[in-house]
There are 2 protein chains.
Amino acid sequence: MDISHTEENYLKAIFKISERDGKPASTNAISTEMNTSAASVTDMVKRLSDKALIHYERYRGVTLTELGEETATHLIRKHRLWEVFLVDKLHFSWDEVHEIAEQLEHIKSAGLVERLDEYLGFPKFDPHGDPIPDADGNFVIRKQVLLSELKREEQGVVVGVQDHTTAFLQYLDRMELVLGTPVKLLEYFDYDESMRVLINGEREQVLSKKVCQNLFVQKQ
Amino acid sequence: MDISHTEENYLKAIFKISERDGKPASTNAISTEMNTSAASVTDMVKRLSDKALIHYERYRGVTLTELGEETATHLIRKHRLWEVFLVDKLHFSWDEVHEIAEQLEHIKSAGLVERLDEYLGFPKFDPHGDPIPDADGNFVIRKQVLLSELKREEQGVVVGVQDHTTAFLQYLDRMELVLGTPVKLLEYFDYDESMRVLINGEREQVLSKKVCQNLFVQKQ
DNA sequence: ATACATTTTTAGACTAACTTAAAAAAATAT
DNA sequence: ATATTTTTTTAAGTTAGTCTAAAAATGTAT
Ligand SMILES: [Mn+2]
Ligand SMILES: [Mn+2]
Ligand SMILES: [Mn+2]
Ligand SMILES: [Mn+2]
């Protein structure tokens, strides 16, 4: 009993939603995430339940079973390792790799992921700063906060993004706010919740509320 | 109008059959190659024809249009480049890569193939000695003959295989008849059409008719 | 407690890709 | 030239995944 491309994408969506919301994934949440109708979700959810990949009770939302969670985690592992490959080896930029990895994550092969992992030097984070689960599905948890949560004069280093859109990633490239860049909060403006920050110890810049709420930093 | 995974595999099959047989691919030939029923082929062939990928006339077999041939060639390019990646970079052996490349060839991305090609150093042949078409679909044609076509005392170097099965590839590994190995025909036995050859200038070995008819060499 | 709004499910229908069985066309043999 | 065999197509049906529209269940507000 193997799992289709489509089923795999649903599992990942359910994993993502449950993690974000801390509760069972609703039909509507899944349909939004997957860009399908609610009716399609109900349909798929029955099939995933038959395959023991999720727990499903009518009108009550769904949660992943252990098998479902393993599958989802393994997919995330593959997705993020392929992203590292595309950026580190093929020199794609971080805003170009998601769509390709979305396809590559579905490649089925016994040894491929492990060999890829070794080839890449067992990276712990992907190009967007997201942790790469190990072969057993364990994530490294990093102590990180949103840039918007920094206090005046606090320092941090950019370690990840919450928003993965091309628009945001390209904006960050433009601002030279790539992963690893040190930032220090100089001033907070109550008016529009924007912040004046010192980037890389050398350049001052005002960043909007939206930007600050989508950038993860590790306090120094 | 984009082409599905399945349609792509049919195009490759049609390309392969036409090349091998030098005539339009019959419904039965395609169904054998694709492991589907003849009825499924008729069905698919209509769709491919609607998409202007093949020329199809009932009961007359099919040939690729220019668009169809371009698509097939591009797929072969991707398949073989991925095989090189798997062997050269991830250290898979040549009998393990076909199935994985069969999936990887369907990844859709604007720049991926070209970057992969560059990353691999623009290889001209895949791990089985098959030529890799360039971005315009042009193959390098190599002057090669079957080992069985060598005359007594003639020398050659192993450059490819006709049979791509795991069984044959592993047999060749066992015999140390990998690509690049020099072979010299010492003796031909009429009785069973087997041959005694000198491998790598140092070891004599009798090879069966079947082996000799599936191994390509370049005369020296 | 009832009415209204929202969410979810069901019903019915579509497409791509597949199947088997029967019919039709083409190829081969007598 | 006719009969037989082989190949191909058509017909009818299945499954995965999708949709819209309607019905049912759940949640919220007065
Ligand atoms: Mn995906
Ligand atoms: Mn990522
Ligand atoms: Mn394929
Ligand atoms: Mn090959």
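Letters A, B, ... mirror the listed sequences (proteins, then strands); counts begin at 1.
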Q. Counting only side-chain N and O atoms of B/Lys46, is one of them less than 4.0 Å from OP1 or OP2 of D/dT10?
A. yes

**Q.** Within residues 9-33 of chain A, residues whose heavy atoms come under 4.0 Å of DNA chain D
**A.** A/Tyr10

Q: Rounded off to whole Å, could you give me the NE2-to-P distance for the B/His5 and D/dA16 pair?
A: 17 Å

**Q.** Member of B/Lys12, B/His5, B/His74, B/Lys78 meeting the side-chain hydrogen bond (donor to acceptor under 3.5 Å, both in side chains) criterion with B/Glu105
**A.** B/Lys12

Q.
Let's see if you get this right: which residues in residues 34-44 of chain A place a heavy atom under 4.0 Å from DNA chain C?
A. A/Ala38, A/Ala39, A/Thr42

**Q.** Contact residues, residues 51-62 of chain A to DNA chain C [heavy atom, < 4.0 Å]
**A.** A/Tyr56, A/Arg58, A/Tyr59

Q: May I ask you to say whether B/Asp134 pairs ionically with B/Arg77, meaning some side-chain N is under 4.0 Å from a carboxylate O?
A: no

(Q) Between A/Ser194 and A/Asp192, do the side chains contain a donor N or O and an acceptor N or O under 3.5 Å apart? (A) yes

Q | Taking every non-hydrogen atom, the tightest pair across B/Leu179 and B/Pro127 | A | CD1-O, 3.5 Å

Q) To the nearest Å, how far apart are B/Ile3 CD1 and C/dA16 P? A) 14 Å

(Q) Could you check whether atom NZ of A/Lys16 has more than 12 heavy atoms from other residues, nucleotides or ligands sitting under 6.0 Å from it? (A) no

Q. Any side-chain heavy atom of A/Glu7 within less than 4.5 Å of one from A/Lys51?
A. yes

Q) Can a donor-acceptor pair be found between the side chains of B/Asn28 and B/Ser26 at a distance below 3.5 Å? A) no

(Q) At 10 degrees resolution, what angle do the end axes of the helix from C/dA1-D/dT30 to C/dT30-D/dA1 form when each is taken over five base pairs? (A) 10°

Q: Would you please confirm or rule out a distance under 4.0 Å between OP1 or OP2 of C/dA17 and any side-chain N or O of B/Arg47?
A: yes

Q.
Does either side chain, that of A/Trp94 or that of A/Asp173, offer a donor lying less than 3.5 Å from an acceptor on the other one?
A. yes

Run the side-chain donor-acceptor check on residues 159-168 of chain A: report pairs under 3.5 Å with partners two or more places apart or on a different chain.
residue, atom, partner, partner atom, Å
A/Asp163, OD1, A/Thr165, N, 2.8
A/Asp163, OD1, A/Thr165, OG1, 2.9
A/Asp163, OD2, A/Thr165, OG1, 3.3
A/His164, ND1, A/Gln162, O, 3.2
A/His164, NE2, A/Asp130, OD2, 2.7
A/Thr165, OG1, A/Phe168, N, 3.4

Q: Look at the side-chain N and O atoms of B/Ser4 and state whether any lies under 4.0 Å from the OP1 or OP2 oxygen of C/dA17.
A: yes

**Q.** A/Asp43 vs A/Arg47, salt bridge (Lys or Arg N to Asp or Glu O under 4.0 Å): CA-CA, chis, key distance, verdict
**A.** CA-CA 7 Å; A/Asp43 218 65; A/Arg47 262 170 295 164; 3.2 Å; yes

Review item, side-chain donor-acceptor pairs of residues 81-88 of chain B, under 3.5 Å, at least two apart:
residue, atom, partner, partner atom, Å
B/Trp82, NE1, B/Leu104, O, 3.4
B/Glu83, OE1, B/His128, ND1, 3.1
B/Glu83, OE2, B/His79, NE2, 2.9

Q: Could you tell me the separation between the NZ atom of A/Lys151 and the NZ atom of A/Lys219, rounded to the nearest 0.5 Å?
A: 6.0 Å

Q.
Can you tell me if A/Lys108 has over 12 outside heavy atoms packed within less than 6.0 Å of its NZ?
A. yes

Q | A/Leu48 CG to D/dA16 P, straight-line distance once rounded to whole Å | A | 12 Å

